[in-house]
S.K.: 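Questions regarding the structure given below will be posed in turn.
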Protein chains: 2
Amino acid sequence: MLEKQIADKIKKIRKSKGYTLDQLGRLTDLSKGLLSRIENCQVSPPIATLSKISHGLEVPIGIFFNVEETTGEEGYAVTLKNERRPINRRGITAELDYYSLSSLKSDNLIEPFVVKYPVTQKKPTKLYDHPGEEFLLVLKGKINFIYGKKIIRLETGDSIHFDPSTPHRGQNAGKTESECLVIVIDKEKE
Amino acid sequence: MLEKQIADKIKKIRKSKGYTLDQLGRLTDLSKGLLSRIENCQVSPPIATLSKISHGLEVPIGIFFNVEETTGEEGYAVTLKNERRPINRRGITAELDYYSLSSLKSDNLIEPFVVKYPVTQKKPTKLYDHPGEEFLLVLKGKINFIYGKKIIRLETGDSIHFDPSTPHRGQNAGKTESECLVIVIDKEKE
DNA sequence: TTAAAAAGTTGCATAAAGTGAAACAAATTT
DNA sequence: AAATTTGTTTCACTTTATGCAACTTTTTAA
């Protein structure tokens with residue numbers, strides 16, 4: 001079952017790169033006979049061997065184990081501006097308004113939000129750190145973005161792409177309400 | 001090297017679930033001695049064995065192959081509105097203007113763009129499909145978003161989160177230039 | 001159409017290495 | 001300190017991955 005998926009993937013990638021069994025054999029230091037058996041699912045190669053193959057094919061080894069996920073459902077989810085869904089996000093919520101921009105059920109990577117920063121924001125209290133990856137774009141107003149020990153000034157239209165494991169936080173820097181689009185990715189999910 | 005990472009991950013997960021080698025042994029139908037050797041990186045188990053372990057641990061097997069990436073560098077990258085870097089993206093480029101919103105070097109998941117849709121856009125020509133995950137937010141103007149056989153109308157502030165393996169394409173639906181923020185994620189990367 | 005070359009599969013023999021049982025060592029508990 | 005549990009290692013065994021070469025199938029060329 002699993003071996004079958006791996007076998008198919010190897011063959012597909014090999015073909016896509018135009019290699020013959022013999023050529024891949026030389027690249028990986030494995031006999032073409034063995035490669036044939038692997039592609040035909042007659043052996044359960046040790047990871048050391050799989051590793052050789054992934055190197056020869058120049059693909060990350062993880063590729064072999066990524067099960068194709070069927071998104072199920074429709075495959076998309078629209079969120080109209082006026083229908084943004086306010087949500088509670090752990091911790092910070094008390095001070096800021098969060099609105100989710102997605103309603104996809106399945107375990108997607110992208111988590112999009114709109115965050116509103118009110119004018120009357122006190123001094124930065126708690127900073128926020130978490131694994132993954134994050135992207136922020138200022139939609140309205142001005143933001144002072146605290147990242148570790150730095151303060152980065154962002155105006156409307158500016159954006160920042162950063163590693164969120166460093167403590168960080170946005171803060172309104174203008175005299176009107178500010179608004180940001182925030183994309184969070186939780187790498188651990190897969 | 002690779003085996004070490006896998007070994008460490010197994011041990012970590014086992015510990016996190018509070019299993020002893022013996023318990024996991026019963027769950028996976030493997031001897032505790034063998035499990036010990038695997039965790040200590042003394043053997044290169046065949047994927048069949050790894051599969052048993054992933055089942056016993058109740059985690060997707062792919063988890064063992066997800067390499068932790070060290071972002072290196074500063075950890076963030078700011079892109080000011082006026083300094084967005086125009087880029088060429090395969091295929092479509094001829095008709096649309098793409099601007100990258102990130103300059104992080106390492107292989108990050110998030111790829112942020114701003115796309116400008118000119119007023120004089122002809123009928124939708126080529127659709128665009130690729131693996132991964134995508135999110136789009138209309139920053140300016142109006143967009144008719146073609147997704148498979150559907151046409152979805154999006155106004156400024158609206159957004160859509162979708163599976164990009166279905167052929168898709170945005171198209172200006174107004175009398176002025178339109179602008180979208182697009183986030184693309186290439187799941188294959190890991 | 002046939003011959004020749006290349007690509008892929010399969011027997012076979014061997015050597016390597018994964019594996020279990022049990023003895024051993026280390027750590028934790030009573 | 002004894003006893004129980006958890007983790008490591010020795011040893012023998014056997015499974016099986018692997019290379020080599022013969023064989024079959026497909027493609028190319030003449």
Side-chain angles (χ1 to χ4, degrees), chain A residues 1-68 188 190, chain B residues 1-68 188 190:
Chain A
M1 200 75 213
L2 170 67
E3 340 258 325
K4 183 69 165 53
Q5 293 178 2
I6 296 175
D8 289 345
K9 220 151 193 173
I10 291 175
K11 187 168 192 172
K12 188 177 162 194
I13 296 174
R14 176 175 66 81
K15 291 283 190 187
S16 80
K17 303 219 168 186
Y19 293 149
T20 74
L21 289 176
D22 214 45
Q23 288 175 308
L24 183 59
R26 271 190 292 277
L27 287 173
T28 60
D29 215 50
L30 298 168
S31 72
K32 65 173 183 176
L34 176 57
L35 289 174
S36 168
R37 266 178 283 233
I38 290 175
E39 288 189 353
N40 287 351
C41 226
Q42 294 171 20
V43 295
S44 178
I47 53 184
T49 304
L50 253 188
S51 178
K52 283 186 188 174
I53 295 175
S54 77
H55 280 113
L57 251 24
E58 290 180 323
V59 297
I61 190 173
I63 257 188
F64 301 136
F65 299 92
N66 290 344
V67 204
E68 311 297 337
E188 302 295 336
E190 293 199 51
Chain B
M1 200 75 214
L2 170 68
E3 341 258 325
K4 183 69 165 56
Q5 292 177 2
I6 295 176
D8 289 345
K9 220 149 193 174
I10 291 176
K11 188 167 190 172
K12 187 177 162 193
I13 296 174
R14 176 176 66 81
K15 290 284 190 186
S16 80
K17 302 220 170 186
Y19 293 150
T20 73
L21 288 176
D22 213 47
Q23 289 175 307
L24 183 59
R26 271 190 292 277
L27 287 173
T28 59
D29 215 50
L30 298 168
S31 73
K32 65 173 184 175
L34 175 58
L35 289 174
S36 169
R37 266 176 290 223
I38 290 175
E39 288 189 354
N40 288 0
C41 224
Q42 295 170 19
V43 296
S44 177
I47 53 184
T49 304
L50 252 187
S51 177
K52 284 186 188 174
I53 296 176
S54 77
H55 280 113
L57 251 24
E58 289 181 323
V59 295
I61 191 173
I63 257 189
F64 302 136
F65 298 91
N66 292 344
V67 207
E68 314 294 337
E188 301 293 337
E190 298 198 49

S.K.: Using only side-chain N and O atoms of B/Ser44, determine if any of them is under 4.0 Å from OP1 or OP2 of C/dA17.
M.R.: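 False: B/Ser44 side-chain N/O out of range (4.0 Å or more) of C/dA17 OP1/OP2.
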
S.K.: Once you round to the nearest 0.5 Å, how far does CG of B/Leu57 lie from OG1 of B/Thr28?
M.R.: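 Reported value, rounded in 0.5 Å steps: 9.0 Å.
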
S.K.: Using a 4.0 Å heavy-atom cut-off across all strands, classify A/Leu35 as base, sugar-phosphate, or nothing.
M.R.: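 Nothing, no heavy atom under 4.0 Å.
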
S.K.: Within this structure, what is the NZ-to-P distance between B/Lys52 and C/dG18, rounded to whole angstrom?
M.R.: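 Rounded to whole Å, this separation is 14 Å.
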
S.K.: B/Val43 has a side chain; which of C/dT9, D/dT6, C/dT19 sits nearest to it?
M.R.: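 Of the options given, the side chain of B/Val43 lies nearest C/dT19.
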
S.K.: Which sits closer to the 5' end of DNA chain D, B/Gln23 or B/Gly33, going by the nucleotide each is nearest to?
M.R.: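 The answer here is B/Gln23.
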
S.K.: How long is the span from the CZ atom in B/Phe64 to the CD1 atom in B/Ile53, to the nearest 0.5 Å?
M.R.: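 So the CZ of B/Phe64 and the CD1 of B/Ile53 are separated by 6.5 Å.
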
S.K.: Think B/Gln42 has a side-chain N or O under 4.0 angstrom from the OP1 or OP2 of C/dA17?
M.R.: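 Answer no for this pair, as no side-chain N or O of B/Gln42 is under 4.0 Å from OP1 or OP2.
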
S.K.: In whole angstrom, what separates B/Ile38's CD1 from D/dT9's C1'?
M.R.: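 It works out to 15 Å between those atoms.
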
S.K.: D/dT14 P sits how many Å from B/Leu34 CG, rounded?
M.R.: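 In whole Å, D/dT14 P and B/Leu34 CG are 17 Å from each other.
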
S.K.: Would you mind reading off the distance between B/Leu30 atom CG and C/dG20 atom C1', rounded to a whole angstrom?
M.R.: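 Computing the B/Leu30:CG to C/dG20:C1' distance gives 10 Å.
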
S.K.: Hey, does A/Thr20 reach any base, or is it just sugar-phosphate, or nothing, if we go heavy atoms under 4.0 Å?
M.R.: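 A/Thr20: backbone/sugar contact only, no base atoms under 4.0 Å.
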
S.K.: Whole Å only: how far is the NZ atom of A/Lys32 from the C1' atom of C/dA6?
M.R.: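 Roughly 8 Å, once rounded to whole Å.
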
S.K.: How close or far is atom P of C/dG18 from atom CD of B/Glu39, stated in whole angstroms?
M.R.: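 About 16 Å, once rounded to whole Å.
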
S.K.: A/Leu21 has an atom CG; how far is it from atom C1' of D/dT27, in whole Å?
M.R.: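 These atoms are roughly 15 Å apart.
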
S.K.: Can you tell me how far C1' of D/dT27 sits from CG of A/Asp22, to the nearest Å?
M.R.: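 Whole-Å distance recorded here is 16 Å.
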
S.K.: Does C/dG8 have OP1 or OP2 under 4.0 Å away from a side-chain N or O of A/Arg14?
M.R.: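 For A/Arg14, the contact criterion (side-chain N or O under 4.0 Å from OP1 or OP2 of C/dG8) is met.
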
S.K.: Using a 4.0 Å heavy-atom cut-off, does A/Asn40 contact any base of the nucleic acid, only the sugar-phosphate backbone, or nothing at all?
M.R.: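 It contacts sugar-phosphate atoms only.
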
S.K.: Is it the case that C/dG11 (base atoms only) and A/Arg37 (side chain only) share a donor and an acceptor within less than 3.5 Å, ignoring hydrogens and angles?
M.R.: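 Looking at the base of C/dG11, it does pair with a donor or acceptor on the side chain of A/Arg37 (distance under 3.5 Å).
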
S.K.: Counting the atoms with a prime plus P, OP1 and OP2 as sugar-phosphate, which does A/Ser31 contact under 4.0 Å by heavy atoms, base, sugar-phosphate, or nothing?
M.R.: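 If one applies the 4.0 Å heavy-atom cut-off, A/Ser31 turns out to touch a base.
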
S.K.: So does A/Gln42 get a backbone contact from the side chain of A/Arg37, meaning a donor-acceptor N/O pair under 3.5 Å?
M.R.: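 No.
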
S.K.: Could you check A/Asp22, A/Leu24, A/Leu30, A/Asp29 and say which one makes a side-chain contact (heavy atoms from CB on, under 4.5 Å) with A/Arg26?
M.R.: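 Single pass found, and it is A/Asp22.
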
S.K.: To the side chain of B/Thr49, which of D/dT18, D/dG7, C/dG18 is closest?
M.R.: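 Minimum distance to the B/Thr49 side chain belongs to C/dG18.
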
S.K.: What distance separates B/Cys41 SG from B/Ile10 CD1, expressed to the nearest 0.5 Å?
M.R.: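 The SG atom of B/Cys41 sits 9.5 Å away from the CD1 atom of B/Ile10.
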
